[in-house]
Student: 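To start, I am sharing the structure in question, which I have written as structure tokens.
Counting starts at 1 for both ligands and their atoms, following the listed order.
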Amino acid sequence: MKTDEFRKNAHELVDWMADYMENVESYPVKSSVEPGNIFKSIPAEPPAQAESFKDLMKDLDEIIMPGITHWQNPNFFAYFPANASPPSVLAEMVVATLGAQCMIWETSPAAAELEEKMMIWLRDMIGLPKEFEGVIQDSASTATLAAILTARENISGFSINNDGSEDAGTLRVYCSGQTHSSVEKAVKISGIGERNLVKTPVKEDFSMDPADLKEAIIIDLERGLIPCCVIATIGTTGTTAVDPIRAIGEICREFGIWLHVDAAMAGTALILPEFRWMIDGSEYIDSFVFNPHKWMFTNFDCTAYFVKDAANLIKTFEVLPEYLKTRSRGKVNDYRDWGVPLGRRFRALKLWSVIRCYGTDQLREKVRYHISIAKNLAELISKETDFEILAPVVISVVCFRYKPENCDATKLNLLNENLNHKLNDSGKIYLTHTVLNGRYTLRMVTAQTNVTMGHVEAAWDQIRNTARTLEM
Ligand SMILES: Cc1ncc(COP(=O)(O)O)c(C=O)c1O
């Protein structure tokens with residue numbers, strides 16, 4: 001593709017992108033294709049002869065788009081959001097055009113130094129203590145793996161990295177029953193082992209009970225096991241419960257255990273001063289992760305990972321083959337040493353674009369609005385006698401179920417599962433579920449970039465009306 005041709009195609013493509021953004025609400029939120037449909041529509045063999053970009057765009061519209069679930073549709077209330085925004089998309093275009101691989105400072109000094117500055121901006125925006133340093137990772141799962149590996153090395157005096165785990169004893173990791181599954185994955189990969197992940201029970205509000213945590217640690221110590229890391233969550237995936245960081249931190253300090261905080265979704269709410277209570281006790285935190293690619297309008301992927309002592313992280317990951325030796329080593333941040341991958345995308349540019357184009361004031365205003373509409377939705381639900389709220393509404397997630405009279409527990413679960421499927425099959429809204437105390441629970445997340453109270457009210461009407469037509 002010659003430059004002239006690229007220019008023409010790119011202009012057309014930008015029109016396609018702007019049209020998509022303008023019309024995203026008209027697409028069915030959740031794709032309804034059958035498994036295998038898309039696969040079958042794509043030729044078995046790659047083309048031997050060049051095809052036109054126009055043909056590619058035609059197939060994008062006809063084959064690919066029906067198989068897309070539209071996360072940028074404001075009627076997307078499922079999971080946690082993966083919010084994009086025009087400033088973020090524009091920056092992503094620049095990143096793709098530059099095609100820079102930013103593994104070390106020398107391979108693009110601007111990428112390394114912008115990343116360093118963006119992590120300082122973000123750290124200060126969310127109120128983490130000044131000694132924290134940050135690095136951008138691809139996902140919270142990767143950051144949590146990095147945290148557990150660093151905790152493992154920290155407790156073993158960096159011996160497992162060198163000698164393997166044969167003489168290291170049995171390490172233990174602690175979290176609550178509501179912690180995200182990325183922790184389970186990380187203990188498997190880190191060699192600590194899934195059976196050494198201790199999940200403590202949660203309190204009525206679905207947060208970790210520090211008394212249970214302490215008891216589990218004491219029992220392990222009596223058995224000769226080695227407490228290594230506690231994962232506390234600010235904003236659990238199911239209900240956005242907030243584990244009490246100060247109380248957990250005091251226990252970690254008492255027993256010399258690494259404290260990692262997973263704030264993947266709720267970290268964005270920390271840009272609001274009125275939500276800083278969630279991070280009370282931050283002086284005890286060793287590592288902290290949150291995802292601007294969830295709620296902070298920075299399209300996937302962009303995870304902010306902060307550590308109190310970067311030297312520990314670097315010592316865990318650093319290797320120095322001949323071909324990566326540079327004259328700037330030691331004077332700059334070579335982020336390849338701050339996590340698993342060598343190759344790194346220039347993700348900081350998206351953050352720079354988002355933060356500058358909106359400013360912290362507009363970011364705060366939007367996040368506050370999302371939180372206010374969750375509260376309004378909870379009020380609407382509470383007014384109906386045949387619905388019930390199943391968890392405290394902390395930020396932008398409302399957990400509830402349909403509960404008509406004379407229905408036993410099994411039937412209620414079935415009814416709500418059917419309701420969920422029926423709503424999602426309508427293509428008008430998309431919400432997902434969790435199970436709380438054995439109850440099938442609908443979760444409605446009011447944090448999509450462009451969601452308004454109008455969307456939430458229309459969705460709530462649809463939920464209520466659909467529920468009341470279900471066969472019992
Ligand atoms: C609390 C929490 N932690 C971690 C993750 C994993 O995030 P990622 O997809 O960035 O690995 C999620 C995903 O929703 C989450 O809710």
Student: Which bit of Ala264 is near ligand 1, meaning a heavy atom under 4.0 Å away: side chain, backbone, both or neither?
Tutor: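 Ala264 to ligand 1: side-chain contact only, backbone stays beyond 4.0 Å.
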
Student: Indicate yes or no: at least one non-hydrogen side-chain atom of Val230 is less than 4.5 angstrom from one of Ile248.
Tutor: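 They are in contact (side-chain heavy atoms under 4.5 Å apart), so the answer is yes.
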
Student: Check for me whether Lys315 meets the cation-pi criterion with Phe158, that is, NZ or CZ under 6.0 Å from the six-membered ring centre and within 45 degrees of the ring axis.
Tutor: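 Relative to the ring axis of Phe158, which defines the angle, Lys315 lies inside both limits.
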
Student: Record the part of Met265 in heavy-atom contact with ligand 1 below 4.0 Å; permitted values are side chain, backbone, both and neither.
Tutor: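 No part of Met265 is near ligand 1 at this cut-off.
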
Student: Within the structure, does Thr236 bring an N/O atom to less than 3.5 angstrom of an N/O atom in ligand 1?
Tutor: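 By distance alone, the answer is no.
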
Student: Is the distance from the ring center of Tyr430 to that of Trp71 below 6.0 Å?
Tutor: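 Between Tyr430 and Trp71, the centre distance exceeds or equals 6.0 Å.
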
Student: Once you restrict to heavy atoms under 4.0 Å, what part of Ser182 touches ligand 1? Side chain, backbone, both or neither.
Tutor: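 Answer for Ser182: side chain.
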
Student: Using the six-membered ring wherever Trp is involved, compare the ring planes of Tyr20 and Tyr27 and label them parallel, tilted or perpendicular (cut-offs 30° and 60°).
Tutor: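 Judged by the thresholds at 30° and 60°, the geometry between Tyr20 and Tyr27 is tilted.
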
Student: By number and element, which atoms of ligand 1 are closer than 4.0 Å to a non-hydrogen atom of Thr237?
Tutor: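 The list of qualifying atoms is 1 (C), 2 (C), 15 (C), 16 (O).
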
Student: In the protein, what heavy atom is nearest to atom 10 (O) of ligand 1, and what distance, to one decimal place, separates them?
Tutor: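 Atom 10 (O) of ligand 1 sits closest to the protein heavy atom Ala140 N, 2.8 Å.
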
Student: For Asn291, is at least one N or O under 3.5 Å away from an N or O on ligand 1?
Tutor: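 Checking ligand 1 against Asn291, an N or O pair does fall under 3.5 Å apart.
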
Student: Examine Arg356 relative to Trp352 and say whether NZ or CZ is less than 6.0 Å from the centre of the six-membered ring and inside a 45° cone about the ring axis.
Tutor: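 Checked: cation-pi criterion met.
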
Student: Indicate the ring-plane relationship of Trp277 and Phe275, choosing parallel, tilted or perpendicular according to the 30° and 60° boundaries.
Tutor: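 Rings of Trp277 and Phe275: tilted, as their planes differ by 30° to 60°.
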
Student: For atom 13 (C) of ligand 1, find the nearest protein heavy atom and state the residue, atom name and distance (0.1 Å precision).
Tutor: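 Nearest neighbour among protein heavy atoms for atom 13 (C) of ligand 1, to 0.1 Å: Lys294 NZ, 3.1 Å.
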
Student: Return the residue, atom name and 0.1 Å-rounded distance of the protein heavy atom closest to atom 6 (C) of ligand 1.
Tutor: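 Minimum-distance protein heavy atom for atom 6 (C) of ligand 1 reads His180 CE1, 3.4 Å.
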
Student: Looking at Tyr79, I want to see if its OH is surrounded by more than 12 non-hydrogen atoms of other residues, nucleotides or ligands under 6.0 Å.
Tutor: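 Counting other residues, nucleotides and ligands, OH of Tyr79 stays at 12 neighbours or fewer.
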
Student: What protein heavy atom sits nearest atom 11 (O) of ligand 1, and how far away is it?
Tutor: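 Result for atom 11 (O) of ligand 1: Ser141 OG, 2.5 Å.
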
Student: Around atom 3 (N) of ligand 1, find the nearest protein heavy atom and jot down its residue, atom name and distance.
Tutor: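 Its nearest protein heavy-atom neighbour is Asp262 OD2, 2.6 Å.
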
